[in-house]
Amino acid sequence: MQDQEPYCDYSVTVRVELSNQPGQFARLAAAIAEEKANLGAIDIVEVRRDKKVRDITFDAQSEAHAQQVSNGCGRCRTCG
């Protein structure tokens, strides 16, 4: 019966600004996966020559887990 229960208790959306260069989003997605969160919707908000702003929705297991993943997204913003 456990397989029929929802994966997460929290669905969280964060807005991130990344350098508009190949691999930047891949690094962000990898950081989210490393935190054991599941990617959901990915929406492009703004595109400029040097940056892209995206809203990223992910599933987390708890409020604390969501905060941990969000903090990881913030660190990734400075990776590029």
Side-chain angles (χ1 to χ4, degrees):
M1 286 293 250
Q2 196 173 29
D3 288 342
Q4 294 177 354
E5 295 176 12
Y7 160 76
C8 71
D9 291 325
Y10 295 92
S11 182
V12 178
T13 302
V14 294
R15 182 163 287 181
V16 296
E17 179 180 308
L18 299 169
S19 297
N20 191 3
Q21 298 176 355
Q24 295 302 305
F25 180 75
R27 282 191 268 283
L28 174 64
I32 291 170
E34 286 174 14
E35 296 291 343
K36 306 288 190 251
N38 195 23
L39 278 174
I42 302 158
D43 299 303
I44 295 176
V45 176
E46 180 182 359
V47 177
R48 294 194 180 195
R49 181 177 297 235
D50 62 340
K51 70 176 180 177
K52 284 188 182 178
V53 178
R54 289 185 166 116
D55 285 345
I56 309 295
T57 302
F58 61 87
D59 296 334
Q61 297 170 355
S62 67
E63 186 176 356
H65 182 228
Q67 187 61 50
Q68 179 180 342
V69 176
S70 295
N71 290 343
C73 289
R75 284 190 301 276
C76 192
R77 272 183 268 182
T78 62
C79 289

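Since the model is a prediction, treat every value here as computed from it, not as a measurement.
A distance of 8.5 Å separates CD1 of I42 from CG of L28, quoted to the nearest 0.5 Å. The distance from atom CD of Q61 to atom CG of N38, rounded to the nearest 0.5 Å, is 10.0 Å. Within the model, atoms CG of D50 and CD of E17 stand 8.0 Å from one another, a figure rounded to the nearest 0.5 Å. Atoms CZ and CD, on R27 and E34 in that order, are 12.0 Å from each other to the nearest 0.5 Å.
The heavy-atom pair separating Q68 from E35 by the smallest distance is NE2-OE1, 2.5 Å. Taking all atoms of both residues into account, the shortest heavy-atom contact from L39 to A29 is CD1-CB, 3.8 Å.
F25 is listed as a side-chain neighbour of I56, based on a closest heavy-atom distance under 4.5 Å. The shortest distance between side-chain heavy atoms of F58 and S70 falls below 4.5 Å. Counting heavy atoms from C-beta on, the side chains of T57 and V12 never come closer than 4.5 Å.
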Let me see the working for E63 and Y10 under side chain to side chain contact (heavy atoms under 4.5 Å, CB included), right down to the final yes or no.
-> CA-CA 7 Å; E63 186 176 356; Y10 295 92; 3.7 Å; yes
Could you walk me through whether R54 and D43 pass side chain to side chain contact (heavy atoms under 4.5 Å, CB included), step by step?
-> CA-CA 5 Å; R54 289 185 166 116; D43 299 303; over 6 Å; no
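In this structure, the side-chain contact (heavy atoms from CB on, under 4.5 Å) partners of E46, at least two apart in sequence or on a different chain, are R48, K51, V53. N20 meets the side-chain contact (heavy atoms from CB on, under 4.5 Å) test with V47, K52; sequence neighbours excluded.
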